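Here is the structure we will look at.
Remember, it's a predicted structure, so these values are computed and weren't measured experimentally.
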Number of protein chains: 2
Amino acid sequence: MDYKPTIEDVAKLANVSIATVSRVINNQGGVRKITEEKIVNAIRELGYIRSAVARSMKRKETNTIGIIVPDITNPFFPHVVAGIEQKAREKGYYTILSSTNESPIIEEEIVKIFIERGVDGVIITTANETGNHIKLLQDQGIPIVAVDRAIKNFEVDTVLVDNVNGAYQAIRQLILQGHEKIGIICGPQNTTPGRERYIGYKKALEEYNIPFDSSLVYQGDFKENSGYKGALHLFYSKNRPTAIFSSNNQMTIGCVKALTELDWKLGEEVSFIGFDDVEIATFIKPKLSVVSRPMTTIGEIAFQLVYERIHFKENLPKREYLLTPELKIRESCHKI
Amino acid sequence: MDYKPTIEDVAKLANVSIATVSRVINNQGGVRKITEEKIVNAIRELGYIRSAVARSMKRKETNTIGIIVPDITNPFFPHVVAGIEQKAREKGYYTILSSTNESPIIEEEIVKIFIERGVDGVIITTANETGNHIKLLQDQGIPIVAVDRAIKNFEVDTVLVDNVNGAYQAIRQLILQGHEKIGIICGPQNTTPGRERYIGYKKALEEYNIPFDSSLVYQGDFKENSGYKGALHLFYSKNRPTAIFSSNNQMTIGCVKALTELDWKLGEEVSFIGFDDVEIATFIKPKLSVVSRPMTTIGEIAFQLVYERIHFKENLPKREYLLTPELKIRESCHKI
DNA sequence: GTGAAAGCGCTAACAA
DNA sequence: TTGTTAGCGCTTTCAC
């Protein structure tokens, strides 16, 4: 075949005008039953599928939500995306997904492409919190929802997790178990999660009057390898910690790998809590304690927010969701 | 602002015709330098971004590749997607990604949506190998590449992994180490990978004259939970195996969890090899031996195939890539 | 209930 | 080197 029938082909075959065909494909009613049947038959016979491109052209909407994530291979994001997609499909929306690989440059490119394509809204975990590319979207009146990382200088709806609180809970737990030398593997300090988790760490220390020791702080980048290096750093620190807090899932992986190689006994010689649950948490020995976030829910809320913003643009205040993460205590942290 | 400037706005501001503007945004040359500058300035001033919708309408191509995966939360797919995206971006293509959750119904829906949206090609890991929905795509002349799972009844380019061989290698390894009672946790037998890995299993047994015992075969569904149940099943089997082969990554996770709970000593009482590498493989103790696939490469090849098919439709034979997986022997399998 | 026709923003053929 | 113009396939008034 290799030929895409158009609304006109259908109209001809059914012996009606294209306007009438349009009415039936859009369920607008006001068409006689017999006419409708003729049309439906013609559609089936031709295998007609209406062109979303032409439709978008006319309607000025694409029913598409653009999703921008920094790293699609970080399992956190596929779970969030699954939540978005689920809700989107229910409302007749579709998604374009792109991964920036944490590059602000790629991110800006993607934003432009999304605008070109006329997305109706954007859900973004930005790699560039102060980025001016957000302005591009706002200038076009495209609703934006920031997920997981806030966006500075612009008013956008956000759904975040209370990182400070999550990290705080984790560190407090460790302190209550008697730890005083607690190491942290930080995320990049130019991202909200990276910064906030570090703040939670310091807050807990302060509150319990534990002296802060900068040699117990390792600057990571949220990638696995920096977790690995962080563990090494802490192990060889003059003031070797009795507990470690890792700021995200990928670094947790790297960190645990290092512990194994160093033969630094997890749960015995060193307690551990990581931010974000990881697949392996419950089946390595000892089971990992983690700060866990409702990933799918985050996605669902994010979609809900863009959706509302698309449909009731004008009279909506800025909305900020702050979900509270849950500390799941398992076996990797012990009384000292 | 909230107003999208069009090519006409640019033309007016620059005092030229829209045709000339079109020439410069498409780098077609044949425009005087001064004119071009005027136009470029106008574009910048207005913040003009050309509409891909209108462009697609005219050109009959969207520069979009649709990707359909059965389960986006299975880490295998994000890695494949990353490979596709990488290559796609290089060639000026973009991707729409949807997950079917293994549902043939959702899959058919997605196919229709993709056609509506005029994707130039589709890369699919189908949940329905015999599905007739593929015909829809073919009727429209949309190139299809099947990844990881073959498609029956239709001629499409495919990039598969030699599952038979991969499983065979794994089982042979186990046999050479002296195992005779080898359990398998199978994938769904209505998917190529599920079937083929089972075939590889049987082939190795046969070749080495190990009697086949159906009580050592557990039918899973590629989800974590069935790996868990599979391990339980094998543990309580009258003919308890000394080695287990798991047919995919998610089931491997479930399986290892069960082993831990059963206190069935991995690597000592029971050897283990899983299909597909998993994050945790190298940092649980003992490290997991796995059959590993080049995920990103698979994605890259898949894109290459659609791309070629889009551009040289006519004179291209059906291409079938069969990548050989690699057996990575680590610590979870031991001489008996 | 139905049809005619305008027009969405762009590309490309043709003219100048 | 530049401009005019005919559509691409659809939705949506406005007539009838």
Side-chain angles (χ1 to χ4, degrees), chain A residues 3-40 42-43 46-64 92 112-113 115-120 140-141, chain B residues 3-40 42-43 46-64 92 112-113 115-120 140-141:
Chain A
Y3 171 71
K4 308 199 186 195
T6 73
I7 197 173
E8 219 182 316
D9 299 321
V10 176
K12 257 183 209 139
L13 184 59
N15 232 306
V16 295
S17 76
I18 59 169
T20 309
V21 176
S22 176
R23 284 185 192 104
V24 348
I25 37 183
N26 292 297
N27 296 310
Q28 291 176 324
V31 178
R32 237 187 309 183
K33 203 130 202 187
I34 322 176
T35 323
E36 177 163 354
E37 265 169 28
K38 275 196 302 183
I39 293 173
V40 170
I43 288 176
L46 293 171
Y48 168 74
I49 296 182
R50 83 141 135 41
S51 156
V53 175
R55 179 170 218 254
S56 294
M57 177 100 199
K58 195 65 197 161
R59 308 251 312 222
K60 261 95 201 59
E61 60 184 37
T62 55
N63 277 14
T64 302
K112 281 197 190 130
I113 303 275
I115 294 174
E116 272 194 32
R117 313 225 144 191
V119 295
D120 297 338
Q140 312 262 340
Chain B
Y3 170 73
K4 307 198 186 195
T6 73
I7 196 172
E8 219 181 314
D9 300 322
V10 176
K12 256 183 209 139
L13 183 59
N15 232 307
V16 295
S17 76
I18 59 168
T20 309
V21 177
S22 177
R23 283 184 192 104
V24 347
I25 39 183
N26 292 296
N27 296 309
Q28 290 177 326
V31 178
R32 237 188 309 184
K33 203 129 200 187
I34 321 174
T35 323
E36 176 162 352
E37 265 168 28
K38 273 195 304 182
I39 293 173
V40 170
I43 288 177
L46 293 171
Y48 168 74
I49 296 184
R50 82 140 136 45
S51 156
V53 174
R55 178 171 219 253
S56 294
M57 178 102 198
K58 190 68 196 160
R59 307 249 315 220
K60 262 99 201 55
E61 60 185 37
T62 54
N63 277 17
T64 303
K112 280 197 191 130
I113 304 275
I115 295 174
E116 271 194 33
R117 312 222 145 193
V119 296
D120 296 339
Q140 312 262 340

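Between the CG atom of A/N26 and the P atom of D/dT13 there is a distance of 13 Å, given to the nearest Å. Atom CD1 of B/I43 and atom P of C/dG9 are 16 Å apart (whole Å). Atom NZ of A/K33 is separated from atom P of C/dT2 by 13 Å (rounded to the nearest Å). Whole-Å rounding puts the A/K60 NZ to C/dC10 P distance at 9 Å. Between the C1' atom of D/dG9 and the CD1 atom of A/I49 lies a distance of 15 Å, rounded to the nearest Å. Atom-to-atom, CD1 of B/I7 to P of C/dC8 comes out at 14 Å; the value is rounded to the nearest Å. When rounded to the nearest whole Å, the span between NZ of B/K12 and C1' of D/dT4 equals 16 Å. Look at CG on B/N27: it is 12 Å from P on C/dT11, rounded to the nearest Å.
Inter-residue side-chain proximity for A/N26 and A/R50 is flagged as met; some heavy-atom pair is nearer than 4.5 Å. Put simply, the side chain of A/V31 does not reach to within 4.5 Å of the side chain of A/K38, judged on heavy atoms. Side chains of A/I25 and A/R55 form no contact here, defined as non-hydrogen atoms less than 4.5 Å apart.
Side-chain proximity of B/R55 to C/dC10, C/dC8, D/dT12: nearest is C/dC10. Here D/dT12 is the nucleotide among D/dT12, C/dG9, D/dC10 with the atom lying nearest to any side-chain atom of A/S22. Closest to the side chain of B/R23, from the set D/dG9, C/dG3, D/dG3, is D/dG3. Nearest nucleotide to the side chain of A/S17, out of C/dC10, D/dC10, C/dG3: C/dG3. Each of C/dC10, C/dG9, D/dT11 was ranked by its minimum atom distance to the side chain of B/R50; first place goes to C/dC10. Among the nucleotides D/dT11, D/dT1, D/dG9, the one closest to any side-chain atom of B/R32 is D/dT1. Of the candidates C/dT11, D/dC10, D/dG3, the closest approach to any side-chain atom of B/T20 belongs to D/dG3. Across C/dT11, D/dT11, D/dT2, the shortest atom-to-atom separation from the side chain of B/V31 is found for D/dT2. For A/S51, counting side-chain heavy atoms from C-beta on, the closest listed nucleotide (D/dC10, D/dT2, D/dG3) is D/dC10.
A donor-acceptor contact under 3.5 Å links the side chain of B/K58 to the base of D/dG7.
Mapping B/A19 and B/V53 onto DNA chain C via the closest heavy atom, the residue that lands nearer the 5' end is B/V53. Mapping A/Y48 and B/G29 onto DNA chain D by nearest heavy atom places B/G29 at the nucleotide closer to the 5' end.
Remark: A/S17 OG to A/E8 CD distance equals 11.0 Å, nearest 0.5 Å.
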When you look at B/V53 and A/R59, which way does the side chain to side chain contact (heavy atoms under 4.5 Å, CB included) test go after all the steps? CA-CA 11 Å; B/V53 174; A/R59 308 251 312 222; over 6 Å; no
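For B/S56 and D/dC8, the shortest distance from a side-chain N or O to OP1 or OP2 is not below 4.0 Å. For D/dT12, one of the phosphate oxygens OP1 or OP2 lies less than 4.0 angstrom from a side-chain nitrogen or oxygen of A/Q28.
With A/T35 as the partner, the side-chain contact (heavy atoms from CB on, under 4.5 Å) test is satisfied by one option alone out of A/T20, A/V24, A/V40: A/T20.
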